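Inspection log for the structure reproduced underneath, given as structure tokens.
Everything numeric here is computed off the predicted structure, so don't read it as measured data.
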Amino acid sequence: MKTEVRGNGTSVSLKNPSFFNTPGDSITGALKGCLGSLDGACIEKLLLHCGSALENNDVTLAQQVMWVLNNVASSVGDTNQRLTSWFLRALISRASRVCPTAMNFSGGSMFQRRLMTVTELARYVDLLPWHRFGFCVSNSAIFKAVEGCTKVHILDFSITHCMQWPTLIDALAKRPEGPPSLRITVPSCRPQVPPLLNVSKEEVGHRLANFAKFRDVPFEFHVKGDPCLSNEPFAAQVEPLLTQLTRSELDLREDEALVINCQNWLRYLSDETKANTAHGFSLRDAFLDIIKGLNPRITVVVDEDSDLSAPSLSSRITTCFNYVWIPFDALETLLPKDSPQRLEYESDFGYKIENIVGFEGFQRIERLESGAKLSQRMKNAGFFSLPSCEDTINEVKSLLDEHASGWGMKREEDTVVLTWKGHNSVFATAWSSTELED
């Protein structure tokens with residue numbers, strides 16, 4: 001007989017069938033008290049209890065808390081139940097390392113990552129403004145920055161497979177003075193995180209080239225990196241990539257306006273200082289130092305607005321629970337509980353939860369920092385903030401009009417922020433490598 005935790009097409013089989021059959025009278029009074037009022041605050045406390053127990057190698061207490069959580073979790077329930085389901089799986093993933101004999105679990109990821117078609121990816125991006133917000137702010141800032149330029153070169157560091165560029169190509173095609181020639185260069189390496197696409201980067205470039213031709217925009221597309229490293233982990237590919245980010249390797253031309261675009265990218269560069277680097281930089285700071293040295297006309301950075309890089313598991317659980325609640329709650333207002341599209345979208349955030357809660361060391365690659373921290377990092381690297389213009393703000397407002405009323409936008413010191421019911425969701429910010437004249 002096996003006991004299974006079931007969710008969106010995945011399950012974890014336990015060798016010990018009594019793992020979730022803890023008698024009710026054996027759990028502590030504090031946990032019993034939660035059984036009658038399992039709201040979001042109580043679930044968060046339970047998750048913290050479990051995380052603390054695992055950090056202290058207290059498998060018995062962790063098992064008791066998981067028993068309570070398992071009675072709440074449902075991948076097709078309300079927002080809190082669905083969140084609990086994913087956090088429970090992440091905690092089981094972590095527990096398998098604390099007490100591997102209790103479970104029949106390999107210790108790898110519990111999530112099967114589905115490859116999307118381009119059409120499916122387009123629907124995925126359109127479902128919530130989560131990605132479109134960043135595309136909108138970035139494209140508007142880039143369009144303004146390259147006004148009057150006849151040649152534009154974009155270095156695109158992102159995880160969304162160039163989905164933002166058709167809109168920019170279309171806008172450039174409509175310029176009164178005519179479109180510039182456009183080059184886009186992407187790195188060959190990409191963290192293996194959702195969303196994943198079932199076509200190659202070269203095929204993506206070919207489709208962009210066809211669209212640019214249709215819009216009469218002169219276009220080139222290049223993939224930069226070492227194909228021999230394609231099967232290596234992302235971390236092993238990044239350092240060789242950084243050595244190739246030079247003017248000669250990138251074939252940068254004096255008459256081109258250079259644009260650096262970072263969409264959900266910096267979080268995957270290690271922030272741990274490496275003693276063998278020239279200045280003791282982390283990879284994240286080294287990357288910023290290198291791109292600043294290329295003297296781009298504009299650098300755009302977009303990412304999720306949360307700080308999930310704390311060494312403490314308890315801190316990460318609290319922050320992650322309150323942050324990932326945002327897309328789960330937004331989907332609750334948009335799609336039925338049993339919607340396959342909703343389950344798939346939530347599973348991508350489930351991957352994030354598992355990585356943040358279930359892993360440590362080099363395996364924990366989801367290391368977000370907030371917009372405020374990123375802004376300070378950019379300033380420390382010598383960048384200068386570019387204020388958002390009214391055209392950008394108006395475009396974002398028009399975008400949000402297409403989505404549920406809970407979505408909003410606000411300006412903070414150096415950023416434009418997407419909000420859901422007042423909670424910060426995604427930030428977008430633009431930077432210059434030289435100080436602007438008054």
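- No more than 12 heavy-atom neighbours from other residues, nucleotides or ligands sit within 6.0 angstrom of NZ on Lys144.
- To the nearest 0.5 Å, atoms OG1 (Thr84) and CG (Leu69) are separated by 6.5 Å.
- Under the ring-ring contact (aromatic ring centres under 6.0 Å, His included) criterion, His161 pairs with no residue, sequence neighbours left out.
- Within the structure, no pair that satisfies the salt bridge (charged side-chain N to carboxylate O under 4.0 Å, His left out) test touches residues 191-202, not counting sequence neighbours.
- Interatomic distance, NZ of Lys337 versus CG of Leu343, reported as 11.5 Å (0.5 Å rounding).
- The CZ atom of Arg316 sits 11.0 Å away from atom OG1 of Thr318, with the distance rounded to the nearest 0.5 Å.
- Between Val426 and Phe133, the shortest heavy-atom distance links the atoms O-CE2, 3.5 Å.
- Residues that satisfy the side-chain contact (heavy atoms from CB on, under 4.5 Å) test with Lys373, not counting sequence neighbours, are Asp307, Glu369, Ser370.
- Put simply, the side chain of Thr333 gets close to the backbone of Ala330: a donor and an acceptor are under 3.5 Å apart.
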Walk me through whether Val137 and Leu418 qualify under side-chain contact (heavy atoms from CB on, under 4.5 Å). CA-CA 10 Å; Val137 176; Leu418 174 71; over 6 Å; no
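- For residues 146-173, the salt bridge (charged side-chain N to carboxylate O under 4.0 Å, His left out) pairs, not counting sequence neighbours, are Lys151-Asp255, Asp170-Lys174, Asp170-Arg215.
- Not counting sequence neighbours, Phe221 has no partner by the ring-ring contact (aromatic ring centres under 6.0 Å, His included) test.
- At distances below 3.5 Å, not a single donor-acceptor pair connects side-chain atoms of Ser306 with backbone N or O atoms of Leu308.
- Comment: Lys379 engages Asp414 in a salt bridge, judged by a side-chain N to carboxylate O separation of less than 4.0 angstrom.
- Residues forming a ring-ring contact (aromatic ring centres under 6.0 Å, His included) with Phe157 (at least two apart in sequence, or on another chain): Trp265, Phe287.
- With sequence neighbours excluded, no residue forms a ring-ring contact (aromatic ring centres under 6.0 Å, His included) with Phe362.
- No side-chain donor-acceptor contact under 3.5 Å links Asn424 to the backbone of Val417.
- The side-chain contact (heavy atoms from CB on, under 4.5 Å) search around Thr150 returns none, not counting sequence neighbours.
- A donor-acceptor distance shorter than 3.5 angstrom exists from the side chain of Asp305 to the backbone of Gly371, with no hydrogens or angles considered.
- Within 6.0 Å of atom NZ in Lys410, more than 12 heavy atoms from other residues, nucleotides or ligands are found, so the atom counts as buried in its surroundings.
- Using modelled atom types, one finds no donor on one side chain facing an acceptor on the other under 3.5 Å when comparing Gln363 with Asn355.
- Remark: side-chain polar atoms of Asp216 are not paired, donor with acceptor, to backbone N or O of Ala173 under 3.5 angstrom.
- No donor-acceptor pair closer than 3.5 Å links the side chain of Arg253 to the backbone N or O of Glu256.
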Test side chain to side chain donor-acceptor pair (under 3.5 Å) applied to Arg89 and Ser85, step by step: CA-CA 6 Å; Arg89 275 178 268 192; Ser85 174; 2.8 Å; yes
Tell me, with the steps shown, if Phe383 and Val301 meet side-chain contact (heavy atoms from CB on, under 4.5 Å). CA-CA 12 Å; Phe383 287 89; Val301 181; over 6 Å; no
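- Among Phe349, Phe328, Phe87, Trp86, the one residue that satisfies the ring-ring contact (aromatic ring centres under 6.0 Å, His included) test with Phe321 is Phe87.
- Applying the side-chain contact (heavy atoms from CB on, under 4.5 Å) rule to Ser315 yields the partners Ala310, Ser312; only residues at least two apart in sequence or on another chain are considered.
- Atom OH of residue Tyr124 and atom CG of residue Asp126 lie 12.5 Å apart, to the nearest 0.5 angstrom.
- Applying the salt bridge (charged side-chain N to carboxylate O under 4.0 Å, His left out) test to pairs two or more places apart or on separate chains, none has a residue in residues 186-200.
- Between the side chains of Trp165 and Thr167, no donor-acceptor pair is found at a separation under 3.5 Å.
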Applying salt bridge (Lys or Arg N to Asp or Glu O under 4.0 Å) to Asp251 and Arg183, what does each step give before you reach the verdict? CA-CA 11 Å; Asp251 188 26; Arg183 279 205 297 161; 3.8 Å; yes
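- Between Thr415 and Ser375, the closest side-chain pair of non-hydrogen atoms falls below 4.5 Å.
- Checked options Asp285, Asp289, Asp303; the residue passing with Arg377 is Asp285 (criterion: salt bridge (Lys or Arg N to Asp or Glu O under 4.0 Å)).
- Val396 approaches Cys136 most closely through the heavy-atom pair N-SG, 3.8 Å.
- A ring-ring contact (aromatic ring centres under 6.0 Å, His included) with His423 holds for exactly one of Trp407, Tyr323, Trp325; it is Trp325.
- Formation of a donor-acceptor pair under 3.5 Å by the Thr392 side chain with backbone atoms of Ser388 is not found in this model.
- Ion pair Arg94/Glu354 not flagged as a salt bridge, since none of the NZ, NE, NH1 or NH2 atoms sits closer than 4.0 Å to an Asp/Glu carboxylate oxygen.
- No donor-acceptor pair under 3.5 Å is formed between the side chain of Ser52 and the backbone N or O of His49.
- Here Glu390 pairs with Arg411 in a salt bridge; the nearest charged N to carboxylate O distance falls below 4.0 Å.
- Applying the side chain to side chain donor-acceptor pair (under 3.5 Å) rule to Trp420 yields the partners Asp329; only residues at least two apart in sequence or on another chain are considered.
- A salt bridge links Glu402 with Arg132: at least one charged nitrogen is closer than 4.0 Å to a carboxylate oxygen.
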One pair to check against salt bridge (Lys or Arg N to Asp or Glu O under 4.0 Å): Glu332 and Arg342. What are the steps and the verdict? CA-CA 9 Å; Glu332 175 80 8; Arg342 178 177 176 180; 2.5 Å; yes
Between Asn139 and Gln164, does the side chain to side chain donor-acceptor pair (under 3.5 Å) criterion hold? Intermediate values first, please. CA-CA 8 Å; Asn139 286 345; Gln164 80 180 83; 3.0 Å; yes
Determine, stepwise, if the pair Asn261 / Leu155 fulfils side-chain contact (heavy atoms from CB on, under 4.5 Å). CA-CA 6 Å; Asn261 183 67; Leu155 297 185; over 6 Å; no
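- With hydrogens and angles ignored, the 3.5 Å screen pairs a side-chain donor or acceptor of Ser433 with a backbone N or O of Pro296.
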Do Phe135 and Gln263 pass the side-chain contact (heavy atoms from CB on, under 4.5 Å) test, and can you show the C-alpha distance, the side-chain angles, and the key distance before you say yes or no? CA-CA 8 Å; Phe135 296 170; Gln263 299 265 343; 3.9 Å; yes
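- Formation of a donor-acceptor pair under 3.5 Å by the Arg284 side chain with backbone atoms of Leu266 is found in this model.
- With sequence neighbours left out, Asp226 forms a side-chain contact (heavy atoms from CB on, under 4.5 Å) with Cys228, Leu229.
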